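Below: the structure, in structure tokens.
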Amino acid sequence: MNERTLKAAFSEGLLGWYKVAKRDLPWRRSRDPYHIWISEIMLQQTRVDTVIPYFNRFVERFPTVADLAAAPEEDVLKAWEGLGYYSRARNLQAAAREVTERYGGRVPDDKAAVSGLKGVGPYTSGAIMSIAFNRPEPAVDGNVMRVLSRYFCIDEDIARPATRIGMEGLARKLIPEGEAADFNQALMELGAMICTPKSPSCLVCPVMEHCQGRQAGREEELPIKTKAKPPKPQYRLAALTLDASGRVLVRQRPEQGLLARLWELPHAEIPDAEQWRSAEAAPALFEAAMAAEGLAIRAERHIADAEHIFTHLHWYVRVWTAELTDGGEAAGTGSGSLPEGYRWIGPAEFEQLAWPNLFRKLLAQHFSGALEAAAGAERRI
DNA sequence: AAGGCGGGGGC
DNA sequence: GCCCCAGCCTT
């Protein structure tokens, strides 16, 4: 079979399968390019099942581009809480403001304009142009690279940017006339449902017959991908500090970087794991580290441990109860002696602010009494 | 080209 | 435990 026939068989088989097998997803019930856009940003590095509830809440809370553009940033962050990669939320709102001001609140049917929006890269621009406007642009994500690597038995490392460029050229040629929206979604659907990373379901695959990877017996070893580096361990101590009325001392993270603008318990890295672990050495190191950030505390008692794995970091977080050492003024009614970004919160404020999952879980346990109960049980042993 | 940037599901 | 996911941005 020649190359042209191989491609035609692929496109026809895949498209025919998709038209009868496609999943009923919330954003597929809409033709609104704004909805397509929201869904594609949320779906970056995030699974469909995770995105669905976020998508539904988000479009209800921000029904139009103008609503999103006009919303307080903290509202957008709260709507994104738990979804991860929070720069997506900030970029999305910045882009919504650009669409409102420059394009009258409508997502432009223009490849260059869409590509220029913050948070929209090669994949997402192709997805919006094809799915929302049926333009024949490729939308090459991890699914597509896996499917194409297998079907055409391509050995190139999909971690290399150059490989994605090549895949885009191939994917562009595969789009059947006038079928960009369905075909691009079919490619991703096949990758998600049939041509999975592990144990692909070749026997029910609509294009198995001509799959070059399977014919070579290599469907399990493709695609080729260089391994990611393991996350770097970081040992951190966090302070659970209460005032007289039971409120908890928390702080907001900086505007840039990891977990930007989310809220957290005050904490500091202890570079030496052994010292971090040591009940004798840890308090003084913790107190010094917090003092360097302008917060004078005394660490009292180890109360909980938590772990959180990011793509590039592995946090080991040990929570100590703590007290402010600069007298009652800081623990009072917010007289201003707290460092910038710090505040006292009760259960009501806890629900309003946006937290990374690690601290959301810890504080939820504290406010429900579970944290102290567990520590008390441990102490009795 | 490499690294920063979350969180969860599947096996 | 390990892998990977409907990636983008900065350097």
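In what follows, chains are A, B, ... by sequence order, proteins preceding strands, each numbered from 1. Just so you know, these numbers come straight off a predicted model, no measurement behind them.
- At a threshold of 4.0 angstrom between heavy atoms, the contacts of A/Gly191 with the nucleic acid are absent.
- Between A/His308 and B/dG6 there is no side-chain N or O to OP1 or OP2 distance below 4.0 Å.
- Residue A/Pro161 is the one, among A/Leu262 and A/Pro161, whose nearest nucleotide of DNA chain B lies closer to the 5' end (criterion: closest heavy atom).
- In this structure, A/Leu92 places its CG atom 13 Å from P of C/dC8, rounding to the nearest Å.
- Following rounding to the nearest Å, A/Leu43 (CG) and B/dG7 (P) show an atom-to-atom distance of 17 Å.
- The interatomic distance linking A/Ile309 (CD1) with B/dG4 (C1') rounds to 17 Å, in whole Å.
- The phosphate of C/dG7 (OP1 or OP2) has a side-chain N or O of A/Gln45 nearer than 4.0 angstrom.
- Comparing the P positions of C/dC4 and B/dC5 gives an interatomic distance of 22 Å, to the nearest angstrom.
- Contact annotation: A/Arg146 side-chain N/O to C/dC5 OP1/OP2 distance is under 4.0 Å.
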Subject >> Verdict with reasoning, A/His314 to A/Glu307, per side chain to side chain donor-acceptor pair (under 3.5 Å) >> reply: CA-CA 7 Å; A/His314 189 152; A/Glu307 244 181 281; 2.6 Å; yes
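- Separating the OH atom of A/Tyr123 from the C1' atom of C/dC9 is a distance of 18 Å, rounded to the nearest angstrom.
- The phosphate of B/dC5 has neither OP1 nor OP2 within less than 4.0 Å of any side-chain N or O from A/Lys229.
- In terms of phosphate contacts, A/Tyr86 brings a side-chain nitrogen or oxygen within less than 4.0 Å of OP1 or OP2 of B/dG7.
- Of the candidates B/dG7, C/dA6, C/dC9, C/dA6 carries the atom nearest the A/Glu189 side chain, counting heavy atoms from C-beta on.
- DNA chain B is contacted by both A/Leu313 and A/Lys198; A/Leu313 maps to the nucleotide lying nearer its 5′ end (nearest heavy atom per residue).
- Among the protein residues, A/Phe310 comes within range of the sugar-phosphate backbone only, with heavy atoms under 4.0 Å from sugar or phosphate atoms but none that close to a base.
- Base pairing annotation: B/dG7 forms a Watson-Crick or G-U wobble pair with C/dC5, both donor-acceptor distances under 3.5 Å.
- Whole-Å rounding puts the A/Ile158 CD1 to C/dC3 P distance at 14 Å.
- Between A/Lys118 and A/Lys225, the residue whose closest nucleotide on DNA chain C is further toward the 5' end is A/Lys225.
- Note on A/His312: a side-chain N or O is less than 4.0 Å away from OP1 or OP2 of B/dC5.
- For the pair A/Arg318 and A/Trp276, the cation-pi test (distance below 6.0 Å, angle within 45°) is passed.
- If you check every strand for non-hydrogen atoms under 4.0 Å, A/Arg253 touches nothing.
- Within the nucleic acid shown, A/Ile41 has no heavy atom closer than 4.0 Å to any nucleic acid atom.
- Phosphate contact (OP1/OP2 of C/dC3, side-chain N/O of A/Lys227, threshold under 4.0 Å): present.
- Between A/Glu40 and A/Tyr123, the side chains place a donor N or O and an acceptor N or O closer than 3.5 Å (distance only, hydrogens not considered).
- At C/dC8, one or more side-chain N or O atoms of A/Thr124 fall inside 4.0 Å of OP1 or OP2 (strictly under the cut-off).
- Following rounding to the nearest Å, A/Glu264 (CD) and B/dG6 (P) show an atom-to-atom distance of 12 Å.
- Within 4.0 Å (heavy atoms only), A/Arg28 reaches at least one base atom of the nucleic acid.
- Using modelled atom types and a 3.5 Å distance limit, the side chains of A/Glu323 and A/Thr241 yield no donor-acceptor pair.
- Here A/Val120 lies in heavy-atom contact (under 4.0 Å) with sugar-phosphate atoms only.
- With respect to A/Glu219, the salt bridge (Lys or Arg N to Asp or Glu O under 4.0 Å) criterion is satisfied by exactly one of A/Arg150, A/Lys198, A/Arg214: A/Arg214.
- Where A/Arg47 and A/Tyr85 meet DNA chain C, the nucleotide closest to each residue was compared, and A/Arg47 sits on the side nearer the 5' end.
- Within the 4.0 Å cut-off from OP1 or OP2 of B/dG8, at least one side-chain nitrogen or oxygen of A/Asn357 is found.
- In this structure, A/Tyr151 and A/Phe10 have tilted ring planes: the angle between them lies in the 30° to 60° band.
- Checked against C/dA6, B/dC5, C/dC9, the side chain of A/Asn91 finds its nearest nucleotide in C/dC9.
- When rounded to the nearest whole Å, the span between CD of A/Glu40 and P of C/dC5 equals 16 Å.
- In this structure, the CD atom of A/Glu137 is 17 Å from the C1' atom of C/dA6, given to the nearest Å.
- Residue side chain A/Thr46 does not reach the base of B/dG7 through any donor-acceptor N/O pair under 3.5 Å, judged by distance alone.
- For A/Thr50 and B/dG8, a side-chain-to-base donor-acceptor distance below 3.5 Å is absent, hydrogens and geometry of angles not being considered.
- Using a 30° and 60° split on the angle between ring planes, A/Phe367 and A/Phe350 fall in the tilted class, from 30° to 60°.
- Contacts of A/Leu358 with the nucleic acid, taken as non-hydrogen atoms under 4.0 Å apart, are absent.
- With hydrogens and angles ignored, no donor-acceptor pair closer than 3.5 Å exists between the side chain of A/Arg88 and the base of C/dC8.
- Separation of the P atoms belonging to B/dC11 and C/dA6 is 14 Å when rounded to the nearest angstrom.
- The side-chain tip of A/Arg343 points at the ring of A/Trp263 from less than 6.0 angstrom away and within 45° of straight on.
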